[in-house]
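See structure below.
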Protein chains: 2
Amino acid sequence: MRLVIARCSVDYTGRLSAHLPLATRLLVCKADGSVLVHSDAGGYKPLMWMSPPCTVREEPERWTVTNKANEQLAITIERIVSDTNHDLGIDPGLQKDGVEAHLQQLLADRCDVLGPGWTLVRREYPTDIGPVDLLCRDADGSHVAVEIKRRGEIDGVEQLARYLERLDRDPLLRPVRGVFAAQEIKPQARVLATQRGIACLVLDYDELRGLEPDTPRLW
Amino acid sequence: MRLVIARCSVDYTGRLSAHLPLATRLLVCKADGSVLVHSDAGGYKPLMWMSPPCTVREEPERWTVTNKANEQLAITIERIVSDTNHDLGIDPGLQKDGVEAHLQQLLADRCDVLGPGWTLVRREYPTDIGPVDLLCRDADGSHVAVEIKRRGEIDGVEQLARYLERLDRDPLLRPVRGVFAAQEIKPQARVLATQRGIACLVLDYDELRGLEPDTPRLW
DNA sequence: TTGTTGATTTCGCAA
DNA sequence: TTGCGAAGTCAACAA
């Protein structure tokens, strides 16, 4: 990884055209060829960048970074303040926990959390417009479609409503109720769900994980 | 901006939980308090980060970055390879719109459009608070600073006023007038410009492009 | 402050 | 390879 502090102006032409006036910035050249231009503010997003795969042509006062699609980052360097290189080796990578896929698995394993006596029919139950997260049966044997989100918003309710409309046409499943389950449910989503006769369930991730018989510890 | 190359492990707890095993990585601490953790691959997105506003508590082997919502980034440092600090100053910011950058170039090439006999001194003339788009001389040899925007709003006028205040301190330039040039100038911006003694000029992009001897076609 | 929409979205997974 | 949906989405803008 090469780190350069330089007074430079930058032009990007590609999916759009953009220009950075002359200023002192951080240039990061990664081992995979990608180049980032960072200022001293603005959070994690670079002012400009080129994603790999791409190639850098370096001239004394101008770097030209080009990718396959002929997008171009042209860095005009007026003055180099610092120029260092570090061998970082390969990164073992990120371990994530608590995303939607994980919630889905937890509920699939313990769908009695949704209601007493409930059982799982299938995860990712297919419909002609896509799979429902969970298809369950309640204690009476009636089918229930469950849509799981990390954050429950209005489009998630719409999505579940579309699934329900499809599933309810199937004489082997009918009648099919719906449950909208999320760690957090926005008021508007709750209102719409109620209008559509869909039940809402707020999930406690930590509690769910605690219920799991042998919680797989990632670290 | 502080750049640290360190062998470290990182844990994030907040909207989810995530863990980075021990490896050598780049840590960027920006002036706004934000912290980025980058590996030597993977394009522009950091492996982990904390967006501003946030605070860093630094202990010898542990950095703890916390934000308002109580999300936390815990960086455990095993070995510091490099630790440098650079003062970048404030960034003039991105001209996201290709039209603005193009307008600047068109006017740089044909700054007689601004006034008869006007000549270009320099594009992106540097000041200690960032570069002025154009510095010109009028027919009498007096200096004129030009700020170019696609849509002229009140903050653009303020920006030019700050530049003028700086430039006018320079005995080699003084007196420096200002021109605020844009495709469209909002009434409030015009009023403020008039108050500050700044002239306004509405640009016709298509006409300017037509004036260009050999128009470079970008698309 | 809250909601909505676009992004050089990026990123992962599945067909 | 393509397409779809999630993302610690972020970030600008409107109400």
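Scope of the values below: all heavy atoms of this structure, side chains included, with no hydrogens, waters or symmetry mates. Order of the sequence lines fixes the chain letters, A, B, ..., with proteins taken first and strands second; residue numbering starts at 1 for each chain. Everything quoted here is computed from the prediction, not taken from an experiment.
- For residues 164-206 of chain A, every residue pair satisfying the ring pair (Phe, Tyr, Trp, His ring centres under 6.0 Å) rule, not counting sequence neighbours, is listed here: A/H102-A/Y205.
- For the contact set between residues 47-55 of chain A and DNA chain C, defined by any heavy atom under 4.0 Å, the members are A/M48, A/W49.
- Residue pairs that meet the ring pair (Phe, Tyr, Trp, His ring centres under 6.0 Å) test with at least one member in residues 20-44 of chain B, sequence neighbours left out, are A/W49-B/Y44.
- When the nearest nucleotides of DNA chain D are assigned to A/V99 and B/K96 by heavy-atom distance, the more 5′-ward of the two goes with A/V99.
- Extent of DNA chain C lying under 4.0 Å from chain A heavy atoms, first and last nucleotide in 5' to 3' order, is C/dT4 to C/dT10.
- Partners of A/D112 under the side chain to side chain contact (heavy atoms under 4.5 Å, CB included) rule, at least two apart in sequence or in another chain, are A/R110.
- Between A/Y12 and A/K186, the residue anchored nearer the 5' end of DNA chain C, judged by the nucleotide with its closest heavy atom, is A/K186.
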May I have the list of side-chain donor-acceptor pairs in residues 69-81 of chain A shorter than 3.5 Å, sequence neighbours left out?
from, atom 1, to, atom 2, distance (Å)
A/E71, OE1, A/Y12, OH, 2.4
A/E71, OE1, A/R15, NE, 3.1
A/E71, OE1, A/R15, NH2, 3.4
A/E71, OE2, A/N67, ND2, 3.1
A/T76, OG1, A/R62, NH1, 3.0
A/E78, OE1, A/R7, NE, 3.1

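- Between the C1' atoms of C/dG6 and C/dT10, the separation comes to 14 Å (whole Å).
- Between C/dA7 and D/dA6, the distance separating the two C1' atoms is 15 Å to the nearest Å.
- Straight-line distance from the OH atom of B/Y44 to the P atom of D/dA7: 16 Å, rounded to whole Å.
- Sequence neighbours left out, the pairs with a member in residues 35-59 of chain A that pass salt bridge (Lys or Arg N to Asp or Glu O under 4.0 Å) are A/R2-A/E58, A/R57-A/E59.
- Taking atom NZ of A/K45 as the reference point, atom P of D/dC10 lies 11 Å away to the nearest angstrom.
- Residues from residues 147-158 of chain B that place a heavy atom under 4.0 Å from any atom of DNA chain D: there are none.
- Taking atom P on both C/dT8 and C/dT4, the two are 22 Å apart, rounded to the nearest angstrom.
- Each side chain to side chain donor-acceptor pair (under 3.5 Å) pair with one or both residues in residues 182-194 of chain A, not counting sequence neighbours, would appear here, but there are none.
- Comparing A/P187 and B/L94 against DNA chain C, the residue whose closest nucleotide sits nearer the 5' end is A/P187.
- Shown here are the side chain to side chain donor-acceptor pair (under 3.5 Å) partners of A/S39, two or more places apart in sequence or in another chain: there are none.
- The pair A/R169-A/E165 meets the salt-bridge criterion, since a charged nitrogen lies less than 4.0 angstrom from a carboxylate oxygen.
- Minimum heavy-atom separation, A/L16 to B/K96: CD1-O, 3.9 Å.
- Between B/E71 atom CD and D/dA7 atom P there is a gap of 14 Å when expressed in whole angstrom units.
- Sorted by first and then second residue, the ring pair (Phe, Tyr, Trp, His ring centres under 6.0 Å) pairs with a member in residues 147-166 of chain A form an empty list; sequence neighbours excluded.
- For the side chain to side chain contact (heavy atoms under 4.5 Å, CB included) test, residues two or more places apart in sequence or in another chain that qualify with A/P131 are A/E124.
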